[in-house]
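The figures here come from the full heavy-atom set of this structure, side chains too, leaving out hydrogens, waters and symmetry mates. Keep in mind it's a predicted model, so treat the numbers as computed, not measured. Sequential numbering from 1 along the given sequence is applied to the chain's residues.
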Amino acid sequence: MKQRIKKTGIAALIGTSGVSYERLPMLEVVFDRFVRLLSAGLRKFTSDNVDVALENIVSQRFGDTFKAISPQAMYAVFRAEEWENYGVLILDASLVYLVIDALLGGDRTIEHPEDLLHFEQRPYTPIERALIEPLVRSMLTDLAKSFSPLCAVTFRFERLESNERFATICRPVNGVIAAKFQIGIAARSGQVTLILPHGTLEPVRDVLLQQFMGEKFGHDITWEQHLAQELWLTDIEMDVILDEQVLCLRDILNLEPGSRLTLKRTGNGMARIRSCNKPLFEGRIGQHRGHVAVKIEQCLDDRFSNQENRISPE
């Protein structure tokens with residue numbers, strides 16, 4: 001009997017797997033959404049009632065993830081295009097056999113342990129691999145939809161492997177997030193494990209760190225409506241440029257109280273209206289109720305309409 005040695009000090013620090021998923025609260029919300037989408041997708045795929053449940057989420061080293069996987073599992077390697085990194089979907093032999101049996105019209109209500117034992121002792125045939133590949137693509141589509149409220153990402157299927165050595169996507173000591181989902185069809189069930197390295201989630205780590213309420217994903221409609229109403233009441237300072245002149249430094253230094261600058265604009269000339277040094281409108285100078293006014297005749301910014309307006313400076 002082996003005696004378990006408790007690691008302390010530096011050995012315990014080195015043996016840790018890295019950042020725990022509890023520090024990424026939005027990730028659990030994404031997985032809950034994935035469960036619902038996967039249930040609906042598998043019902044259409046197998047034409048049968050499907051139950052999907054999130055079993056657990058663990059943070060561990062990549063080298064330790066394959067130890068608890070059943071023999072003869074299928075490893076689907078995919079790439080997150082926008083994140084420029086990889087992930088793995090692991091389908092255990094029970095799930096693979098169950099899906100193939102369902103697609104070929106087998107009896108899903110009775111378990112066949114002797115057939116499953118024979119199934120686990122032989123390599124997968126090209127027909128069986130061809131039947132599983134559409135299932136993997138459907139899962140990746142549902143996974144991308146689960147992340148869509150947070151960020152846009154595309155999971156592209158790369159390859160299907162039956163040997164774990166060819167499904168290596170990072171170093172064995174790298175930390176990963178492993179989420180296990182239990183999938184049941186009729187009286188039988190199987191398991192799929194989603195593996196996402198910490199390096200894959202790093203581009204969206206700030207988003208996954210957000211706190212959440214329900215499934216709003218940080219999206220508060222009430223606050224957006226209030227903000228939009230307040231924006232319409234915002235005061236903006238605008239400058240009307242009647243004329244601009246270029247003077248040499250000597251002339252500027254010779255200016256003193258009482259000096260006059262002659263404007264070359266006529267009484268009905270054109271003036272520009274700008275805010276924060278950004279040109280917005282161009283209009284004609286005139287008078288309105290005893291004040292100098294500008295009638296807008298042209299918009300210099302495409303975000304504004306061409307409707308005529310009158311702006312009177314105080």
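With a 4.5 Å cut-off on side-chain heavy atoms, Val96 and Glu128 do not count as touching. By the 4.5 Å heavy-atom criterion applied to side chains, Ser138 and Lys44 are not counted as neighbours. Looking only at side-chain heavy atoms (C-beta outward), Leu300 and Arg272 come within less than 4.5 Å of each other. Taking 4.5 Å as the limit, some side-chain heavy atom of Pro197 sits within range of a side-chain heavy atom of Ile169. Contact check for Arg61 versus Val176: no side-chain heavy atoms found under the 4.5 Å cut-off. Contact check for Val88 versus Thr65: no side-chain heavy atoms found under the 4.5 Å cut-off. Residues Phe45 and Val99 are in side-chain contact: their nearest non-hydrogen atoms beyond the backbone lie under 4.5 Å apart. By the 4.5 Å heavy-atom criterion applied to side chains, Leu42 and Ile183 are counted as neighbours.
For Ser275 (side chain) and Met238 (main-chain N/O), no donor-acceptor pair under 3.5 Å exists by modelled atom type. When atom types are taken as modelled, the side chain of Arg159 and the backbone of Phe166 share a donor-acceptor pair closer than 3.5 angstrom. Between the Ser146 side chain and the Asp142 main chain, a donor and an acceptor come within less than 3.5 Å of each other. Judged purely by atom type and a 3.5 angstrom limit, Ser148 uses its side chain to pair as donor or acceptor with the backbone of Lys145. For the pair Arg274 (side chain) and Asp239 (backbone), a donor-acceptor distance under 3.5 Å is absent. Formation of a donor-acceptor pair under 3.5 Å by the Arg205 side chain with backbone atoms of His198 is not found in this model.
Atom CD of Gln182 and atom CG of Asp92 lie 7.5 Å apart (nearest 0.5 Å). Separating the CZ atom in Phe181 from the CD1 atom in Ile57 is a distance of 6.5 Å, to the nearest 0.5 Å. We find the CZ-CG distance between Phe78 and Leu194 to be 5.5 Å, quoted to the nearest 0.5 Å. Here the CG atom belonging to Leu95 is positioned 7.0 Å from the CD1 atom belonging to Ile132, to the nearest 0.5 angstrom. Note that the CD1 atom of Ile296 and the CZ atom of Phe281 stand 4.5 Å from one another [nearest 0.5 Å]. Rounding to the nearest 0.5 angstrom, the gap separating the CD1 atom in Ile236 from the SG atom in Cys276 is 8.5 Å.
Applying the side-chain contact (heavy atoms from CB on, under 4.5 Å) test to Ile252 and every residue at least two apart in sequence or in another chain returns Leu247. Applying the ring pair (Phe, Tyr, Trp, His ring centres under 6.0 Å) criterion to Phe62, with sequence neighbours excluded, gives Phe66.
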Self-check item: Residue pair Val207, Met26: steps toward the side-chain contact (heavy atoms from CB on, under 4.5 Å) verdict
Solution: CA-CA 8 Å; Val207 180; Met26 295 299 292; 5.7 Å; no
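Contact detail for Thr200 and Tyr86: the closest heavy-atom pair is OG1-O, 2.7 Å. In terms of heavy-atom proximity, Ala73 sits nearest to Ile90 at CB-CG2, 4.0 Å. Contact detail for Phe147 and Leu208: the closest heavy-atom pair is CE2-CD2, 4.5 Å. Residues Ser189 and Ser94 share a closest heavy-atom pair of O-CB, 3.7 Å. Nearest heavy-atom pair, Glu230 versus Thr234, reported as atom, atom and distance to 0.1 Å: O-OG1, 3.2 Å. Closest approach of Ala80 and Val153 over heavy atoms only: CB-CG2, 4.2 Å.
A salt bridge does not link Arg79 to Glu158: none of the charged side-chain nitrogens sits closer than 4.0 Å to a carboxylate oxygen. In summary, Glu133 and Arg129 do not engage in a salt bridge, as defined by a charged side-chain N under 4.0 Å from a carboxylate O. Of the charged side-chain nitrogens involved, none lies within less than 4.0 Å of a carboxylate oxygen, so that Glu297 and Lys295 do not count as a salt-bridged pair.
Residues Leu261 and Leu253 are members of separate hydrophobic clusters, defined by side-chain heavy-atom contacts under 4.5 angstrom among Ile, Leu, Val, Met, Phe, Trp and Tyr. Note on Leu37: it does not cluster hydrophobically with Val192, by side-chain heavy-atom contacts below 4.5 Å among ILVMFWY residues.
Side-chain contacts under 4.5 Å among hydrophobic residues (ILVMFWY), followed directly or transitively, place Val246 with no other residue at all.
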